[in-house]
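As structure tokens, the structure follows; a few thoughts come after it.
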Amino acid sequence: MTHEDELAGLWRCELPPPSAALAARVMRQHRRRRWQRGFELALTLVAASLFAAAALTDRMHGEQWLVLPFFLGLLPVMAAKLRRRRPRPRDLRQTVAAFAGLRLIQLKDHLRDLYIERQAAIALLVYAVAAELGVCTIAGLAALQRPALKLLLCALVWYLVATWFVRRRRVGLLREYRAMRRLVQASTATR
Amino acid sequence: MHRFWPEVERSLPQLWRTVCGYEANPADQQELLQEVLLAIWECLPRLRDPERLLPFVLGIAHNVGCSHVRSAVRRPQALPLDEHLGLAAPDQEGDPGRSRWLFEAIRALPIGLRQPLMLQLEGFDYDEIAELLGISADNVGVRLHRARARLKQRSLQETADDA
């Protein structure tokens, strides 16, 4: 028996644990992902239609104008967060070298998106603080004080959640990015 | 269900070994296998040649595997001297301890060396490996040589440590 045969023998003695209804599990997961995508789409459409209807029928009040920039910033960021950063099926069918190159570009984009998400959270917090100060201390608009305070609290919570999420997500993305970069470098170095 | 799905299920041992080559943690292995199967499920309608199902699914498994971030520690623990590669008698083939050693040693290899070795152990030749990985057959040879040299070096190192 050659060294290669021995290695192959050792390799092949590893067998998967018994797993019932494999297809059903995969189909369930596939359906769950489709539901998730549908939910994201529905959420975006509902929010857009609410603001569009209010704007078109001329029923936008000061309170709605106050929170509009917040939601305009929040919704795209939320949509980006809800979407998990999986490789696309059409990329997965490529050769490993081609996939690594494509994935590296995607990961760069994802890391940039995380940076934008954090900056958006900071910008929303700054806006909320400015709105609170403007409404309460400068303009003295009593009717808008309560919405401005609510906006500030929402922006604060959003900032904390976004900071935690970005830190947690960035670690995984950076590790994957380094692994992919090594793979691409290895492919180009020995080519 | 896709008409080739039963064939995919028959390739489960190969897919499982590929998953084990990327992930050490048993719970994460199951999760990664699920990810791989889901990716295959989504890609299966694009399979043109049913004869090439195994390279197709293994290619997807390697792509999902290399983008998977491992949770386990990179450096696995060493096993006792008599379990080392190349020192045991042929009749010990199938020993789970030595098989475990092989998987740990493979996981410790850089991905660029690990992938051709795993594919070769599955029985693919140089040209097939080159096609799957998108590199030249000469490059496959170089990588396999380096991978085997590293396995041998590791085996000798552990033997020396235990002596």
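Side chains included, hydrogens not; waters and symmetry mates left out as well; all remaining heavy atoms used. The chains referred to below are lettered A, B, ... by the order of the sequence lines, with proteins before strands, and numbering in each begins at 1.
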Item to check | Residue selection (most heavy-atom pairs with chain A, distance under 4.5 Å) from B/Glu122, B/His62, B/Gln14, B/Gln120 | outcome: B/Glu122
Item to check | Residue part contacting chain A, namely of B/Cys43, when any heavy atom lies under 4.5 Å | outcome: both
Checklist entry - How close do B/Gly123 and A/Arg12 get, heavy atom to heavy atom, and via which atoms? => result N-NH2, 3.4 Å
Next on the checklist: Are A/Leu114 and A/Ile105 connected into the same hydrophobic cluster when the rule is that any two of I, L, V, M, F, W, Y join if their side-chain heavy atoms are below 4.5 Å apart?
Outcome noted: no
Next on the checklist: Quick one, B/Asn63 and A/Asp91 - any side-chain contact, counting heavy atoms below 4.5 Å?
Outcome noted: no
Next on the checklist: Donor-acceptor pair, distance only, cut-off 3.5 Å: does the side chain of B/Ser99 make one with the backbone of A/Cys13?
Outcome noted: no
Checklist entry - Using the ring of each side chain (for Trp, its six-membered ring), is B/Trp41 parallel, tilted or perpendicular to A/His30, with breaks at 30° and 60°? => result tilted
Item to check | Most chain A-contacting option - heavy-atom pairs closer than 4.5 Å, from B/Asp138, B/Leu37, B/Leu121, B/Leu15 | outcome: B/Leu121
Checklist entry - Rounded to the nearest 0.5 Å, how far does CG of B/Leu132 lie from OG1 of A/Thr95? => result 9.0 Å
Item to check | Contact origin within B/Gln29 toward chain A - heavy atom pairs under 4.5 Å | outcome: neither
Item to check | Toward chain A, the part of B/Val8 with a non-hydrogen atom under 4.5 Å | outcome: neither
Next on the checklist: List the residues meeting side-chain contact (heavy atoms from CB on, under 4.5 Å) with A/Leu153, not counting sequence neighbours, and say none if there are none.
Outcome noted: none
Item to check | Shared hydrophobic cluster for B/Ile111 and B/Leu109 (ILVMFWY, side-chain gaps under 4.5 Å) | outcome: yes
Checklist entry - Are side-chain heavy atoms of A/Trp11 and B/Ile106 found at a separation under 4.5 Å? => result yes
Checklist entry - Quick one: are B/Gln115 and A/Val96 in side-chain contact, heavy atoms under 4.5 Å? => result yes
Checklist entry - For the hydrophobic clusters of this structure (ILVMFWY residues joined by side-chain heavy atoms under 4.5 Å, transitively), does one cluster hold both A/Tyr177 and A/Leu102? => result no
Item to check | Flag side-chain contact, heavy atom, 4.5 Å: B/Pro110 against A/Arg182 | outcome: no
Checklist entry - From B/Leu102 CG over to A/Leu7 CG, what is the distance, rounded to the nearest 0.5 angstrom? => result 6.0 Å
Checklist entry - Tell me, side chain or backbone of B/Leu117 under 4.5 Å from chain A's heavy atoms, or both, or neither? => result neither
Checklist entry - Highest number of heavy-atom pairs under 4.5 Å with chain B: which of A/Arg88, A/Gln29, A/Gln94, A/Arg90? => result A/Gln29
Checklist entry - Is there side-chain contact between A/Leu183 and B/Cys66, with at least one heavy-atom pair below 4.5 Å? => result yes
Checklist entry - Side chain, backbone, both or neither: which part of B/Leu38 has a heavy atom under 4.5 Å from chain A? => result both
Checklist entry - Does the pair A/Arg93/B/Glu42 count as a salt bridge with the N-to-O cut at 4.0 Å? => result no
Next on the checklist: So that I can tick it off, tell me whether B/Arg98 and A/Glu14 are bridged by a salt bridge, with the cut-off set at under 4.0 angstrom between side-chain N and carboxylate O.
Outcome noted: no
Next on the checklist: Test of understanding: clusters of I, L, V, M, F, W, Y form through side-chain heavy atoms closer than 4.5 Å, transitively. Do A/Leu45 and A/Trp35 belong to the same one?
Outcome noted: no
Checklist entry - Would you find more than 12 non-hydrogen atoms of other residues, nucleotides or ligands less than 6.0 Å from B/Arg148 atom CZ? => result yes
Next on the checklist: Tell me whether the count of non-hydrogen atoms from other residues, nucleotides or ligands lying under 6.0 Å of CZ in A/Arg33 goes above 12.
Outcome noted: yes
Item to check | Separation of A/Leu10 CG from B/Arg100 CZ (nearest 0.5 Å) | outcome: 12.0 Å
Item to check | Separation between CG of A/Leu107 and OG of B/Ser67, rounded to the nearest 0.5 Å | outcome: 8.0 Å
Item to check | Sub-4.5 Å side-chain heavy-atom contact between B/Trp5 and A/Val26 | outcome: yes
Checklist entry - For the hydrophobic clusters of this structure (ILVMFWY residues joined by side-chain heavy atoms under 4.5 Å, transitively), does one cluster hold both A/Leu149 and A/Leu124? => result no
